[in-house]
Amino acid sequence: MIELNNIRENHKEIIKRLKIKNFDGEKLISELIDLDKKKREIQTENDALLNKRNTISKEIGNLFKSGKSEEANALKNETKSLNDNIQELKDSFSELESKIAEILYQIPNIPNADVPLGKTPEDNLTIFENGEIQELPENAKPHWELAKELDLIDFDLGVKITGAGFPVYKGKGAKLQRALINFFLDEAETAGYNEVIPPLLVNEESGFGTGQLPDKEGQMYHATEDNFYLIPTAEVPVTNIFRDVIIKKEDFPQKLTAYTPCFRREAGSYGKDVRGLNRLHQFDKVEIVQVQHPKNSYKALDEMIEHIKNLLEKLELPYRILKLCGGDLGFTAAITYDFEVFSAAQEKWLEVSSVSNFETYQANRLKLRFKNEAGKTELAHTLNGSALALPRIVAALLENHQTENGIKIPKALIPYTKFDTIN
RNA sequence: GGAGAUAUGGCAGAGUGGUCGAAUGCGGUAGUCUUGAAAACUAUUGUGCGGCAACGUACCGGGGGUUCGAAUCCCUCUAUCUCCGCCA
């Protein structure tokens with residue numbers, strides 16, 4: 001969430017910037033400033049009372065020690081009314097505090113000044129395009145047909161075992177998954193990321209830390225018995241490694257990568273868009289996460305973009321990079337770049353990666369800080385990106401690399417699949 | 001799942017009602033000494049909130065209670081450890 005200090009000092013600028021996200025923060029923020037002012041007044045008042053009580057208590061102690069119990073008992077009465085007062089102030093203080101928190105949770109991250117204006121995905125800015133969009137043979141098929149014919153993925157079997165959106169990968173289809181995961185992890189390691197294997201279920205606190213909670217619990221599966229959530233992305237457990245951490249500045253940057261399955265409920269979308277691998281409830285993803293000194297976070301973002309470009313080029317897929325417009329930007333992101341690959345047989349672009357800088361928004365929730373040059377604690381910046389999400393990559397690989405003799409595996413991937421064709 | 005024990009600063013570890021934000025040791029930082037380093041010595045060294053600051057205030061696993069006053073007493077939750085059971 002946004003830092004209260006920042007809102008106190010720059011509320012006009014913040015309201016203006018939030019408009020890029022099509023978020024009207026005027027009312028909430030003025031309410032916030034009001035509550036904050038009241039809260040500080042109460043604290044000052046209460047601190048003075050507490051000070052008084054502490055002083056008196058000490059005196060009582062001393063009096064008892066020197067045997068003057070009558071005087072001590074007289075003082076006791078004095079603290080009675082003080083305590084009533086203190087309790088009252090304490091109550092209104094915590095009430096104000098929770099009201100403030102509640103409002104802060106409702107305000108999205110401030111978009112970077114560089115974020116383009118716009119309301120819908122159509123307004124996203126294509127900033128880069130690479131790779132030939134190849135001519136496919138006349139009888140080119142979409143991936144769900146290819147997957148069925150080649151017996152790579154069994155969607156119906158998944159329906160039987162669990163439900164729609166939980167496919168079963170078989171034979172070379174399963175091996176292709178494993179190959180991609182290993183390929184992505186190796187590439188991330190080469191780029192300096194340390195691999196971790198985090199839990200796939202997280203507690204409530206972790207959900208708050210990265211911004212899935214409150215309000216967005218609908219996207220997550222919830223194990224109510226133990227109040228755990230199935231992770232929608234490795235971002236959640238991996239970023240929460242740094243919850244409540246003060247890192248040494250020489251430990252910057254922190255670069256982690258993790259392969260995990262991801263679970264998304266994603267209710268409410270039907271039809272062609274969710275066909276085959278386009279949208280699943282369970283899918284595999286390799287995530288990259290960075291914790292950075294604020295000075296370097298945008299450099300790190302560029303580096304992450306380069307990393308993902310490299311992956312797509314090695315997979316020989318035509319892709320483009322979009323800079324998300326304000327309206328399409330996520331709640332917690334300051335800026336986001338989406339990577340899309342072209343699905344030849346479906347004749348559309350599929351999102352395969354999303355790279356974001358959250359600046360201090362998550363760090364503030366996580367209390368992820370470092371000591372700056374002046375010795376003060378300061379919030380770090382967090383970033384993450386998919387590198388990459390598997391299903392749509394698989395879809396694009398099948399569709400784009402289909403030939404009359406089967407599916408051709410890109411050269412970079414053959415050492416991992418140990419086969420060069422699927423037929 | 002059953003029984004018992006424990007939870008204190010970066011770490012180890014004292015502290016069982018007031019003078020405790022907390023002894024001591026290790027570690028960190030700065031300095032003295034040294035050509036330099038080590039050793040030794042000296043000082044300093046948690047976090048949040050309010051305040052320009054002085055300073056005030058809160059925090060001893062979390063929450064609640066008793067008390068004029070709680071790290072210390074009571075209740076409760078959670079985590080860890082040991083033993084038993086079960087299991088991969």
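Throughout, a chain's letter reflects where its sequence line sits, starting with A, and its residues are numbered from 1. The analysis underlying the following values was restricted to heavy atoms, covering all of them including side chains, and did not include hydrogens, waters or symmetry mates.
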Minimal non-hydrogen separation, A:Thr210 against A:Gln212, with atom names: OG1-OE1, 2.7 Å

Could you tell me the separation between the [atom1] atom of [X] and the [atom2] atom of [N], rounded to a whole number of Å?
X: A:Ile86; N: B:rG56; atom1: CD1; atom2: P; result: 16 Å
X: A:Phe370; N: B:rG10; atom1: CZ; atom2: P; result: 19 Å
X: A:Asp84; N: B:rC68; atom1: CG; atom2: C1'; result: 13 Å
X: A:Lys76; N: B:rG17; atom1: NZ; atom2: C1'; result: 12 Å
X: A:Leu89; N: B:rG50; atom1: CG; atom2: P; result: 17 Å
X: A:Glu59; N: B:rG18; atom1: CD; atom2: P; result: 18 Å
X: A:Ile246; N: B:rG28; atom1: CD1; atom2: C1'; result: 14 Å
X: A:Lys58; N: B:rG17; atom1: NZ; atom2: C1'; result: 15 Å

For [N], does OP1 or OP2 lie under 4.0 Å from any side-chain N or O of [X]?
X: A:Asn51; N: B:rG56; answer: no
X: A:Asn54; N: B:rU57; answer: yes
X: A:Arg40; N: B:rC49; answer: no
X: A:Arg369; N: B:rU47; answer: no
X: A:Arg53; N: B:rU67; answer: no
X: A:Thr377; N: B:rG48; answer: yes

What does [N] pair with, Watson-Crick or G-U, if both distances are under 3.5 Å?
N: B:rA71; result: none
N: B:rU66; result: none
N: B:rU57; result: B:rG48
N: B:rC81; result: B:rG4
N: B:rU32; result: B:rA40
N: B:rG17; result: none
N: B:rA23; result: none

Whether A:Tyr105 and A:Phe208 hold their rings parallel, tilted or perpendicular, with breakpoints at 30° and 60°: tilted

Residues within residues 42-50 of chain A bordering RNA chain B, heavy-atom distance below 4.0 Å: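 Heavy-atom contacts with RNA chain B come from A:Gln43, A:Thr44, A:Asp47, A:Leu50.
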
Spatial distance of atom CG (A:Leu315) from atom NZ (A:Lys411) [nearest 0.5 Å]: 13.5 Å

Between [M] and [N] - [atom1] atom distance, rounded Å:
N: B:rC20; M: B:rU29; atom1: C1'; result: 25 Å
N: B:rA58; M: B:rU19; atom1: P; result: 12 Å
N: B:rG15; M: B:rA22; atom1: C1'; result: 8 Å
N: B:rG2; M: B:rG85; atom1: C1'; result: 8 Å
N: B:rA40; M: B:rG51; atom1: P; result: 45 Å
N: B:rU82; M: B:rA14; atom1: C1'; result: 24 Å
N: B:rC26; M: B:rU45; atom1: C1'; result: 13 Å
N: B:rC11; M: B:rA88; atom1: C1'; result: 35 Å

Aromatic ring proximity A:Phe252/A:Phe370, centre distance under 6.0 Å: yes

is_close_aromatic(A:Phe263, A:Phe283), centroid dist under 6.0 Å: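 No, too far apart.
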
Cation-pi, A:Phe419 ring and A:Lys172 (6.0 angstrom, 45 degrees):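 Verdict for A:Phe419: a cation-pi partner in A:Lys172.
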
Lys NZ or Arg CZ of A:Lys255 over A:Tyr193 ring: under 6.0 Å, within 45°: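 That pair qualifies as a cation-pi contact.
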
Sugar-phosphate, base or nothing in reach of A:Asn77, heavy atoms under 4.0 Å: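 A:Asn77: no heavy atom of the nucleic acid under 4.0 Å.
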
Touch class at under 4.0 angstrom, heavy-atom based, for A:Thr79 against every strand present: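 Sugar-phosphate, no base atom in range.
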
First encountered from the 5' end of RNA chain B, between A:Leu4 and A:Gly61: A:Gly61

Side chain to side chain donor-acceptor pair (under 3.5 Å) between A:Ser297 and A:Asn357, intermediate numbers included: CA-CA 7 Å; A:Ser297 71; A:Asn357 189 349; 3.0 Å; yes

Side chain proximity check, A:Gln106 to A:Leu28, heavy atoms < 4.5 angstrom: yes

Qualifying residue, where the test is side chain to side chain contact (heavy atoms under 4.5 Å, CB included) with A:Val291 and the options are A:Val238, A:Thr239, A:Leu368: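 Of A:Val238, A:Thr239, A:Leu368, side chain to side chain contact (heavy atoms under 4.5 Å, CB included) with A:Val291 is met by A:Leu368 alone.
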
